[in-house]
A.B. asks: 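Okay, here's the structure, questions in a sec.
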Amino acid sequence: MQTVTSADGTRIAYERHGEGQPLVLLHGDATRRFWDPVVQRLADDYTVVVPDRRGRGDSGDGADWSLEREVEDARAVVETADDDPVLFGHSFGGLQAIELTRTDPVAAVVAYEPSVIVGEYRETADLADRMEAALDAGDPERAARLHLREVLHGGEIGDAAFEAWLDDWPLWPEYVRFADDLYRMDRAIERYELPDELGVDAPALLLTGTEGPAHLRESVRAVQEALPDGRLVEFEGVGHAGPAEAPERVASAVGEFLADVAVTDPSV
C-alpha cells in the first residue's frame, strides 16, 4: 500500500499492480477491495492503480467533503502515474472519473453505471432526505438499508426478498459504519445535474447490466449521449455490481475497447 496527499491535506491510500499503461480504478460505495476480482485480470497488461476513496478503507477523511474533494483525490492519485492514465470508475467512482476527465488529460475513461440521475426518477429522488431522517434518529442501519435497496435494487424489490438478499450478503455486517458517507454521497448525486455536453475529449466506454436498477440503466444512456465519443456495452444477466459479479466479462470488454481506440497495445 502507498499513500498520496490530496489538495486539502487528506491522505489517500492506493495499491499498484502490474506493468504497462496506467489504469486507475475508482470504486463507489465499497473500498478498493471491490476491484480485487478485476485487478487480477488486468495487471498482466496494465499498471493497475487502486485507491480507497476518502473515508473508506485505509484512506483518511476531511471535514470539508464534496464531489470536488473526491475529484481532487483522484487527481492526486493520477499524478503519481508516469503517463496519462485510463480511468475506470464504478457507480460514484464512475461520476468521479467522468468529472476528472472533464478537466484533466486522460487516455480514456470507462464508467460502469455512473451515479447520475436523470428524467422522472430525478424529479422524485428523495433517498438522501430519507437517509438523513434515519441518521438524525440515530439509526445508521436503516440509512444503510435505504441506500442498498435503492442503489442495488432500484427500490423495485419486495421487503421479504430484500431481507433475504441482505441476510446472504457477506459485507452487510461491516456496511453500517459507512452510513454517514453513503448519505453525503447520495446527497451529492441528487444535486449533480448532467450537462447536455460533458466536454470530454477522451474516448469513453459506458458499461451497464440488464439486471441493474432501471434508473441507472437510463442514466448510463444519458451519459453516453453527453459524450462526443461514447460507446455503450450492456452485459446480459448482470446487475449494478458488474465488475464484481462478472469480472472476466467486464475486464475483457475494457481490454477490447482500449485496444480498439489504440490507447495501448498490451502485446508490445
Side-chain angles (χ1 to χ4, degrees), residues 3-14 24-32 34 49-80 85 87-106 109 111-118 121-123 125-136 140 143-144 146-148 150-151 175 177-200 215-216 219-220 222-223 226-227:
T3 63
V4 66
T5 302
S6 191
D8 71 343
T10 300
R11 182 180 60 87
I12 303 299
Y14 66 96
V24 180
L25 305 181
L26 303 173
H27 68 81
D29 61 5
T31 70
R32 70 181 189 271
F34 171 83
V49 183
V50 196
D52 276 320
R53 284 183 44 229
R54 62 172 54 209
R56 298 300 183 100
D58 293 309
S59 288
D61 204 350
D64 181 23
W65 186 92
S66 65
L67 173 58
E68 290 74 22
R69 297 289 84 73
E70 295 270 6
V71 172
E72 290 174 354
D73 297 345
R75 179 179 294 118
V77 173
V78 162
E79 289 175 349
T80 68
L87 300 183
F88 181 7
H90 169 257
S91 195
F92 184 81
L95 175 57
Q96 189 183 15
I98 289 168
E99 283 299 296
L100 181 61
T101 304
R102 296 179 70 185
T103 58
D104 292 46
V106 302
V109 61
Y112 191 103
E113 294 184 358
S115 292
V116 175
I117 52 178
V118 299
Y121 184 88
R122 177 178 177 80
E123 295 174 6
D126 64 349
L127 175 59
D129 284 344
R130 288 183 283 134
M131 291 180 68
E132 182 178 25
L135 291 171
D136 287 346
L146 288 167
H147 171 87
L148 286 170
E150 194 73 21
V151 172
Y175 202 79
R177 63 191 177 96
F178 296 143
D180 287 328
D181 179 65
L182 293 170
Y183 160 69
R184 67 186 186 182
M185 182 180 67
D186 287 329
R187 180 66 76 188
I189 291 167
E190 290 182 7
R191 290 173 175 167
Y192 179 84
E193 295 188 22
L194 179 69
D196 293 334
E197 297 182 3
L198 281 163
V200 170
H215 71 275
L216 288 179
S219 296
V220 76
V223 174
L227 292 166

A.B. asks: Hey, does Pro51 have a side-chain heavy atom less than 4.5 Å from the side chain of Leu26?
C.D. replies: yes
A.B. asks: Of the non-hydrogen atoms in Ala179 and Leu135, which two are nearest, and what is the gap between them?
C.D. replies: CB-CD2, 4.0 Å
A.B. asks: Quick one: ring-ring contact (aromatic ring centres under 6.0 Å, His included) partners of Tyr192, sequence neighbours excluded?
C.D. replies: none
A.B. asks: Would you call Arg54 and Asp8 a salt bridge, using N to O less than 4.0 angstrom?
C.D. replies: yes
A.B. asks: Among all residues two or more places apart in sequence or in another chain, which pass the salt bridge (charged side-chain N to carboxylate O under 4.0 Å, His left out) test with Glu197?
C.D. replies: none
A.B. asks: Would Thr103 and Arg75 count as having a side-chain donor-acceptor pair, cut-off 3.5 Å?
C.D. replies: yes
A.B. asks: Tell me the closest heavy-atom pair linking Glu190 and Ala128, and the distance in Å.
C.D. replies: OE2-N, 2.9 Å
A.B. asks: Report the residues that fulfil salt bridge (charged side-chain N to carboxylate O under 4.0 Å, His left out) with Asp136, sequence neighbours left out, ordered by chain and then residue number.
C.D. replies: none
A.B. asks: Hey, does the side chain of Ser66 reach the backbone of Arg69 with a donor-acceptor pair shorter than 3.5 angstrom?
C.D. replies: yes
A.B. asks: So which of His147, Arg191, Arg130 actually passes side-chain hydrogen bond (donor to acceptor under 3.5 Å, both in side chains) with Asp186?
C.D. replies: His147
A.B. asks: Could you measure the distance from the CD atom of Glu68 to the CG atom of Leu100? Nearest 0.5 Å is fine.
C.D. replies: 12.5 Å
A.B. asks: Output all residues satisfying ring-ring contact (aromatic ring centres under 6.0 Å, His included) with Phe34, sequence neighbours left out; order by chain, then residue number.
C.D. replies: His90
A.B. asks: Which heavy atom of Ala13 sits nearest a heavy atom of Thr3, and at what distance?
C.D. replies: CA-CG2, 4.1 Å
A.B. asks: Mind checking whether Val223 and Ile98 have side chains closer than 4.5 Å, heavy atoms only?
C.D. replies: yes
A.B. asks: With sequence neighbours excluded, what pairs up with Glu132 under the salt bridge (charged side-chain N to carboxylate O under 4.0 Å, His left out) test?
C.D. replies: Arg187
A.B. asks: Decide yes or no for Val220 and Pro114: does some side-chain heavy atom of the first lie under 4.5 Å from some side-chain heavy atom of the second?
C.D. replies: yes
A.B. asks: Taking the side chain as C-beta and beyond, is there a heavy-atom pair between Asp29 and Ser91 under 4.5 Å?
C.D. replies: no
A.B. asks: Quick one: pull up CG in Leu216 and CD in Glu150 and give me the separation to the nearest 0.5 Å.
C.D. replies: 9.5 Å
A.B. asks: So, Ser219 side chain and His215 main chain: donor-acceptor pair closer than 3.5 Å or not?
C.D. replies: yes
A.B. asks: Taking the side chain as C-beta and beyond, is there a heavy-atom pair between Val106 and Val78 under 4.5 Å?
C.D. replies: no
A.B. asks: About how many Å separate OH of Tyr183 and CG of Asp129, when rounded to the nearest 0.5 Å?
C.D. replies: 7.5 Å
A.B. asks: Got Ile189 and Val116 here, is their nearest side-chain heavy-atom distance under 4.5 Å?
C.D. replies: no
A.B. asks: Go through the steps to decide whether Leu146 and Leu127 satisfy the test side-chain contact (heavy atoms from CB on, under 4.5 Å), and finish with yes or no.
C.D. replies: CA-CA 7 Å; Leu146 288 167; Leu127 175 59; 4.0 Å; yes
A.B. asks: Kindly write out the residues that satisfy salt bridge (charged side-chain N to carboxylate O under 4.0 Å, His left out) with Glu70, not counting sequence neighbours, or none if the list is empty.
C.D. replies: Arg53
A.B. asks: I want to check something: taking the side chain as every heavy atom from C-beta on, are Ile12 and Asp52 in contact at a cut-off of under 4.5 Å?
C.D. replies: no
A.B. asks: Find the distance between CG (Asp181) and CZ (Phe92) and round it off to the nearest 0.5 Å.
C.D. replies: 8.0 Å
A.B. asks: Under the 3.5 angstrom rule, does the side chain of Ser59 hit a backbone N or O of Gly55 as a donor-acceptor pair?
C.D. replies: no
A.B. asks: Looking at Phe178, I'd like to know if the NZ or CZ of Arg56 sits under 6.0 Å from its six-membered ring centre while staying within 45 degrees of the ring's axis.
C.D. replies: yes
A.B. asks: Between Tyr14 and Asp58, is there a side-chain donor-acceptor contact under 3.5 Å, judged purely by atom types and distance?
C.D. replies: no
A.B. asks: Do Pro85 and Val49 have side chains that get closer than 4.5 Å, going by heavy atoms?
C.D. replies: no
A.B. asks: Could you check whether any side-chain N or O of Arg32 sits under 3.5 Å from a backbone N or O of Gly57, counting only pairs where one atom can act as donor and the other as acceptor?
C.D. replies: no
A.B. asks: Determine yes or no for a side-chain-to-main-chain donor-acceptor pair under 3.5 angstrom, with Glu99 supplying the side chain and Val71 the backbone.
C.D. replies: no
A.B. asks: After noting the C-alpha distance and the side-chain angles of Asp73 and Arg11, does the key distance pass the salt bridge (Lys or Arg N to Asp or Glu O under 4.0 Å) rule?
C.D. replies: CA-CA 9 Å; Asp73 297 345; Arg11 182 180 60 87; over 6 Å; no
